[in-house]
Each structure stands twice: as structure tokens, then as C-alpha cells.
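Just so you know, residue 1 is the first one in the sequence shown, and it goes up from there. All heavy atoms count here, side chains included; hydrogens, waters and symmetry mates do not.
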Amino acid sequence: MEYDVAFVRSIRGMLKVGELVTVFVALVCFATTSGSSYIAASCMELLITAALLTLYILKLNKRFTFFFWPLIDVFNSIFAAAFMFIISTIAISHPTAKGILGGGIVGMLATGLWCGDAVLLFRKITFNQARTASPPEK
């Protein structure tokens, strides 16, 4: 099996690794408090981000071509940023423990990383443009 080490060294790869690390730290912060209701969304985003990172590192996106992976990644980044922003805002505004406050702050960092990833990837996606260069019309 082939590995794409260059992806991890790219800006998008570093953003994905940063997202993975920050959402893991937020998940650990939320999990340290007893009865925290923020764990489910953090765990879900951790698993989805890890799956997308694995997909790109193992070059499975080139094998499974029936999905347009960049668009799926953009939608994931947008929805993950929205979910984490809402959860982090609630956690910061109503902290019942230090772990919830820390998870909210780290969740805001993850939100920024997801927004940056969505913007970078959205710039690469071209809509309504020709895929090949056509000669200029006379």
C-alpha cells in the first residue's frame, strides 16, 4: 500500500493534523469532567477528521472516485466548525468545571483550524470552469 507522506507536510495536511490534535485535547478536557454533555460531538468530529486524514494519507481518495472528496471535506469542515463553535461558546459561557472551560477554549482553536481548512480547500475547487485548456476563439 502506498502512503502519501507529502500530504502530511503540506499546509492542508498540517491543518488536518492540527484539527485532530486540538479536537482530541478538547475531548480529553470534556471527558475529565463528570457528566459532560459535550463529549459526543467532540468524539464524532475526532472520528470524522481521523477518517479523512487516513483517506488522504493512504491515497484512498484516488481509488474511490465515485465521491467528490474535496467537496465532502469542505462540507465536513464547515459543519465541524459550526458544531464546535456552538459547543465551545456554550462551554465558555457556562463553565461548571475547569475542564469544560479548557475544552471550550481549545474547541475555539479547532474551529479556527476547520475554517482555515474550508477556505483553502474551497479555493481549490473550481465550479463552472473547463477542466482542459481550450484554444481561444477567433
Side-chain angles (χ1 to χ4, degrees):
M1 185 168 279
E2 245 180 279
Y3 299 106
D4 191 6
V5 181
F7 176 77
V8 180
R9 293 181 185 155
S10 69
I11 293 174
R12 285 205 47 248
M14 286 187 266
L15 276 173
K16 286 281 180 209
V17 171
E19 293 164 8
L20 197 63
V21 169
T22 54
V23 78
F24 178 73
V25 170
L27 176 66
V28 168
C29 289
F30 290 143
T32 57
T33 61
S34 60
S36 178
S37 58
Y38 307 106
I39 296 173
S42 301
C43 186
M44 179 185 70
E45 294 305 333
L46 176 75
L47 292 176
I48 292 172
T49 303
L52 285 170
L53 183 63
T54 304
L55 177 92
Y56 290 131
I57 289 176
L58 297 179
K59 294 185 177 182
L60 294 175
N61 59 331
K62 294 179 181 168
R63 237 182 234 180
F64 303 122
T65 57
F66 48 88
F67 289 122
F68 187 53
W69 291 107
L71 191 60
I72 290 173
D73 199 0
V74 165
F75 283 142
N76 173 57
S77 295
I78 291 170
F79 288 126
F83 285 143
M84 274 314 263
F85 179 75
I86 292 168
I87 289 169
S88 297
T89 303
I90 293 169
I92 290 172
S93 63
H94 302 292
T96 57
K98 289 183 181 180
I100 292 178
L101 181 62
I105 292 169
V106 176
M108 284 293 185
L109 292 173
T111 299
L113 291 173
W114 272 309
C115 288
D117 189 25
V119 167
L120 282 177
L121 193 55
F122 193 73
R123 284 183 178 175
K124 287 185 177 185
I125 296 175
T126 56
F127 294 108
N128 298 326
Q129 293 182 5
R131 295 198 184 264
T132 59
S134 59
E137 294 183 25
K138 295 179 182 179

Side-chain atoms of residues 59-69: list all donor-acceptor pairs with protein atoms under 3.5 Å, sequence neighbours left out, distances to 0.1 Å.
unit_1 : atom_1 : unit_2 : atom_2 : d
Lys59  : NZ     : Glu2   : OE2    : 2.9
Trp69  : NE1    : Phe64  : O      : 2.7

Minimum heavy-atom separation for Val106 to Ala26, with atom names? CG1-N, 3.9 Å

Do the non-hydrogen side-chain atoms of Leu113 and Lys16 ever get within less than 4.5 Å of each other? no

Between Leu101 and Val28, is there shared hydrophobic-cluster membership here, with clusters defined by ILVMFWY side-chain heavy atoms closer than 4.5 Å? no

Identify whether Leu120 and Trp114 are in the same connected component of the hydrophobic contact network (ILVMFWY, side-chain heavy atoms under 4.5 Å). no

Which value, rounded to the nearest 0.5 Å, describes the distance between Glu19 atom CD and Phe24 atom CZ? 16.0 Å

Under the side-chain hydrogen bond (donor to acceptor under 3.5 Å, both in side chains) rule, collect the residues that match up with Ser77, sequence neighbours excluded. Asp117

Contact summary for Gly104 and Ala91, nearest pair of heavy atoms: CA-CB, 4.0 Å

If you measure from CD1 on Ile48 to CD1 on Ile72, what distance do you get to the nearest 0.5 Å? 11.5 Å

Any side-chain heavy-atom pair of Thr33 and Thr96 under 4.5 Å: no

Within a strict 4.5 Å, meaning less than it, do heavy atoms of the Ser42 and Leu46 side chains meet? no

Going from CE on Met84 to OG1 on Thr22, what distance comes out if it is rounded to the nearest 0.5 angstrom? 7.5 Å

Give the minimum heavy-atom separation between Leu27 and Cys43, together with the two atoms involved. CD1-N, 3.9 Å

ILVMFWY cluster, Leu53 and Leu15 together (side-chain gap under 4.5 Å): no

State the OG1-CZ distance between Thr111 and Phe85, to the nearest 0.5 angstrom. 7.5 Å

For Phe30 and Gly103 the tightest heavy-atom approach is CZ-C, 3.5 Å

Are Ile78 and Val119 co-members of a hydrophobic cluster defined by side-chain heavy atoms under 4.5 Å apart? no

May I ask you to check whether over 12 heavy atoms, not counting those of Phe83, lie within 6.0 Å of atom CZ? no

I need the minimum non-hydrogen distance between Arg12 and Lys124, along with the two atoms involved. CD-NZ, 4.4 Å

Please determine whether residues Leu121 and Phe79 belong to a single hydrophobic cluster, defined as Ile, Leu, Val, Met, Phe, Trp and Tyr linked transitively by side-chain heavy-atom distances below 4.5 Å. yes

Between Tyr38 and Ile90, is any pair of side-chain heavy atoms under 4.5 Å apart? yes

To the nearest 0.5 angstrom, please state how far the CD1 atom of Ile39 sits from the OG1 atom of Thr32. 8.5 Å

Out of curiosity, Ile87 CD1 to Ile92 CD1, how far, rounded to the nearest 0.5 Å? 12.0 Å

